[in-house]
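Here is the structure we will look at.
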Amino acid sequence: MKYFLKRIIAAIAIVSTIGTGLMADEPVQGGTLITVLGSNVRNLNSSVQSGIVTGYPGAQLFASPLRYDENWDPQPYLAKSWKVSDDGLQVTLNLVSNAKFHDGVPLTSEDVAFSVEVIKANHPFKSMFAPVESVDTPNAHTAILNLSKPHPALMLAMSGQLMSIIPKHIYGDGAITDVKTHARNNENVVGSGPFKLVEFKNGEHVILERFEDFFIEGRPYLDKIVMRIISDPAARAIAYENGEVHMGGFESLPRIINRLKKVDSLTVTPNGYGAIGPLDWLAMNTQRGPLKDVRVRKAIAYSIDKNFIHKALMQGTASDSRTGIHPDSPFYSGDVESYDVDLDKANALLDEAGYPLNGNSRFSLTIDFGWPGVKPQVEYAKAALKKVGIDVQVRASADFPTWAKRMGEMDFDMSWDTVFNWGDPVIGVHRTYVSDNVGKGVWSNTQGYSNARVDEILAEAAVEVDASKRKALYAEFQAIIADEVPVYHTNTLPYHTVYSDKVGNPPLGIWGTSTPIDMTYLKK
Amino acid sequence: MKVIENFLIRVAYAVILLTAVLILNFSMMHLAPGDVADTISQSMGGADKEILDQIRADYGLDRPFLIQLGSYIGNVLTFDLGYSFFYNTPVTELILQRLPATLLLVFTAQVLALIIGVMLGVISARRPNGLTSHFVTLLALFGYSAPVFWTGILLLIGFSLNVHWFPVAGMRDVTISGGFWVHFVDVARHLVLPVITLGSIFLALYSRLCRATMLEVLGSDYIRTAKAKGLHDRDVIYKHALKNSLSPVITLAGLQFSAVISGAVLVEAVFSWPGLGTLAFQSIIARDTPTILGILFFSALVVIVGNLLTDLVLRLIDPRIGTK
């Protein structure tokens, strides 16, 4: 009898193992996910601090009205449904009724109204909520955003890390502008997201744990997330490889990406960065010297071999980008001049512009770079432009502020840098090309570019509620930009997410890790 | 009385030095183009001019230089190191959070390097042309000339990737739980590779210096006398020669206390060691003036205390020093 029982138990055990084996794709509850942050976190409150480092913990701690799927379609999150009025001037959010903050206080429309006010006053991306004039709160679970003009960019601005709903009863104790230095931005942080803060140790780690009262039933799957701060990319690579870290995003060094791709237990993917939209570019000061002439700028574009940049410098990890909009964005239109390398054309254009060869040189220009990662591109540009008689002097900057000051004051000829889209073009693209944003600090229109038609298109696109008309406007804009080259776009910054085969359902939507990872789980 | 007087003079020097360090650094930070508002905007993916001006006004960066300097020095005199611009946290708190990790790393590396370095120095001095001596020379040369980030990564590849003996980064594993000893072992495991990396530089210095002074001492008359007396070789080396050749090594070790900041920066970066070196580096990059000045203040203190300790130890080892 005993023997028989043993057999049965053994059989059950076998069947159940097979069962769990078959159900490997079903999310399972529990476990601690170890992930990395590539640099130290300045501030955990994503309603006042932007940036990818804050975005990851921020999106776990705070919930936003909407979230996006990988096809750029908005999905319900804190707002179970939403409605844009026909004239586009009113956006009504119907909030879920069971959302609570981590301290147990229910989330209401008051908190939404408060958060909009805080973001408008403190967040660096002014264009996100500038047209929002007021927020009505007819009842606890309805918030109506009243706009001064139609604002289609609002949809993306209500997702990811861009619109974190923060509790009024905690952050509303002082002046609105004081929230950015609030004592509870880094400790005792209270949001309504899937995870709550356990510990933030500056320079060491951020530890989050499952919020039991999260408003989505059965979520999140993970018990705990440990975000270790490891700033050395080589050390991070080893940590992925030996399994010490399960997942990490924003890896951008081609050498490391290609090495990790060869590791069997790891998946390395460029998916999930469309909305953040990082682009490498060569900016040209259109108000200085020979660069005033569009023919010179075109000649420079024709002299630089993108193929070399893609294959040799980026080692096949980056994709082509031709305009100011990231190729993963639905507004991207790659049907523009691609500037395939053509030295004869470049020479002809330079002759035509009135800069004949004098010996083997026409004129000289300087080139700056925004961060050390693009130094190879800069050195390459120097060599490439030499071939058409442009002498290039590389001006290194001691650090970021030094470079930023040069850009802000438009004290440069050319500069290689990485710039981010941040969701809708209104947020991260317009700033580079509209003429009323010339020379307003780093990452404004530092090229001094001005085109009345571009201003007109962008103003129209900002308020166009019809998606296809909007797309057409942006297509026209991208064609003009590619033709007038205030900025020569070479490639995307190859951000990659690395995750081990233990991780189920990693965040690969448009916002990458700047999205709640309540759907991510650890395989047993 | 003489001792107290000496001590007071030293303290006075230290205060003057510290003030000079603060003023000089504050001025140099001010001279560099750009400021913390730029790095804050960088960390946020861009900000418009309004926000930048607002940040500058918030931190008083729009005031004249002399007023900024005066108010800073005033605060330091009342032992208030101020708030970090970048992290919105009191600087003292930031530094105290990081200081223990750095002290642990530097102290362990120093002590181990000192002991092993002296041992190797003695061994190679006994037979200066022997195989061991050449090996120690080679080791020292390698340890001193190899850049620490390279040694660090090499050790990581060897001992964290190929054989999974030691963790890659950080100071502790937050997922383990247990009593004191569990955490002690955990921190010790994390400590091994950074200590070897950092210690390899010190080791090279100490073993070379010890070897040189030992050789010098071994050639002196009193050693010959001791040997002629028929003393055992071991007694001659350790009781007579080593004691007298130690003071330059101790002096050097004392000087290396400044390495709390300088030497540890790269090692801390490679191993993500949550110490002061990383903080110093990040603050310089971020133009976070209060934090940089706070760290300099602390490291100056550490150097001063270190020098005092060295003096004390030297007196113990060589009684002649006190009587001069």
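Just so we're on the same page: letters track the sequence lines, and every chain starts at 1.
Neither the backbone nor the side chain of A:Val245 comes within contact range of chain B, judged by heavy atoms closer than 4.5 Å. Of the atoms belonging to A:Ala235, heavy atoms from both backbone and side chain fall under 4.5 Å from chain B. Only the backbone of A:Val48 comes within less than 4.5 Å of a heavy atom in chain B; its side chain stays farther off. Heavy atoms of A:Thr177 lying under 4.5 Å from chain B belong exclusively to its side chain. For a residue to count as touching a neighbouring chain, one of its non-hydrogen atoms must lie under 4.5 Å from one of that chain's; by this rule B:Phe85 touches chain A with the backbone only. Interface remark: A:Phe420 contributes no atoms to any contact with chain B (heavy atom separation under 4.5 Å). The part of B:Ala269 that comes within reach of chain A is its backbone (N, CA, C, O), which places non-hydrogen atoms under 4.5 angstrom from that chain. Looking at A:His123, only its backbone comes within 4.5 Å of chain B, counting heavy atoms on both sides. Neither the backbone nor the side chain of A:Val53 has a heavy atom closer than 4.5 Å to any heavy atom of chain B. Heavy atoms of B:Ser160 lying under 4.5 Å from chain A belong to its backbone as well as its side chain. Contact annotation for A:Ile229: only backbone heavy atoms (N, CA, C, O) come within less than 4.5 Å of a heavy atom of chain B. Residue A:Ile207 touches chain B through its side chain alone, counting heavy-atom pairs closer than 4.5 Å. The contact between A:Asn186 and chain B is made entirely by side chain atoms (from C-beta outward), counting heavy-atom distances below 4.5 Å. For A:Arg228, the part lying near chain B is the side chain, with the backbone staying farther off; criterion is any non-hydrogen pair under 4.5 Å. B:Leu94 touches chain A through its side chain: at least one heavy atom from C-beta onward sits under 4.5 Å away, while N, CA, C and O do not.
Here A:Gly203 is the residue among A:Ser231, A:Gly441, A:Gly203, A:Ser127 with the most heavy-atom pairs under 4.5 Å with chain B. In terms of heavy-atom pairs under 4.5 angstrom with chain B, the leader among A:Lys405, A:Glu244, A:Lys440, A:Arg431 is A:Glu244. Interface summary for chain A: among B:Ile40, B:Ile284, B:Thr278, B:Ile157, the most heavy-atom pairs under 4.5 angstrom belong to B:Ile40.
Looking at B:Arg287 and A:Thr402, their side chains come closer than 4.5 Å, going by heavy atoms from C-beta outward.
Between atom CG of residue B:Leu161 and atom CG of residue A:Asn242 there is a gap of 6.0 Å, rounded to the nearest 0.5 Å. To the nearest 0.5 Å, atom CD of residue A:Glu204 and atom CD of residue B:Gln97 are 9.0 Å apart. A distance of 8.0 Å separates CZ of A:Arg42 from OG of B:Ser84, quoted to the nearest 0.5 Å.
Under a cut-off of 6.0 angstrom, the local environment of OH in B:Tyr83 is sparse, with at most 12 non-hydrogen atoms contributed by other residues, nucleotides or ligands. Heavy-atom contacts from other residues, nucleotides or ligands closer than 6.0 Å to CZ of B:Phe184 number 12 or fewer. Heavy-atom contacts from other residues, nucleotides or ligands closer than 6.0 Å to CZ of A:Arg255 number 12 or fewer. Within 6.0 Å of atom NZ in A:Lys126, more than 12 heavy atoms from other residues, nucleotides or ligands are found, so the atom counts as buried in its surroundings. Other residues, nucleotides and ligands place no more than 12 heavy atoms under 6.0 Å from the OH atom of B:Tyr144. With a 6.0 Å radius and a threshold of 12 heavy atoms from other residues, nucleotides or ligands, A:Glu199 has its CD atom above the threshold. Within 6.0 Å of CH2 on A:Trp371 lie more than 12 heavy atoms contributed by other residues, nucleotides or ligands.
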Take B:Arg98 and A:Asn202, measure what side-chain contact (heavy atoms from CB on, under 4.5 Å) needs, and give me the verdict at the end.
CA-CA 9 Å; B:Arg98 303 293 192 95; A:Asn202 190 302; 2.7 Å; yes
After noting the C-alpha distance and the side-chain angles of B:Ile285 and A:Phe400, does the key distance pass the side-chain contact (heavy atoms from CB on, under 4.5 Å) rule?
CA-CA 7 Å; B:Ile285 296 288; A:Phe400 178 79; 5.8 Å; no
List the steps and the verdict of side-chain contact (heavy atoms from CB on, under 4.5 Å) for A:Arg236 and B:Val168.
CA-CA 8 Å; A:Arg236 278 203 303 275; B:Val168 178; over 6 Å; no
Start with the C-alpha distance between B:Ile153 and A:Asp232, add both sets of side-chain angles, then the distance that settles side-chain contact (heavy atoms from CB on, under 4.5 Å), and finish with yes or no.
CA-CA 10 Å; B:Ile153 291 291; A:Asp232 188 80; 3.8 Å; yes
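Side-chain contact annotation: B:Tyr87 with A:Asn40, donor-acceptor N/O pair under 3.5 Å present.
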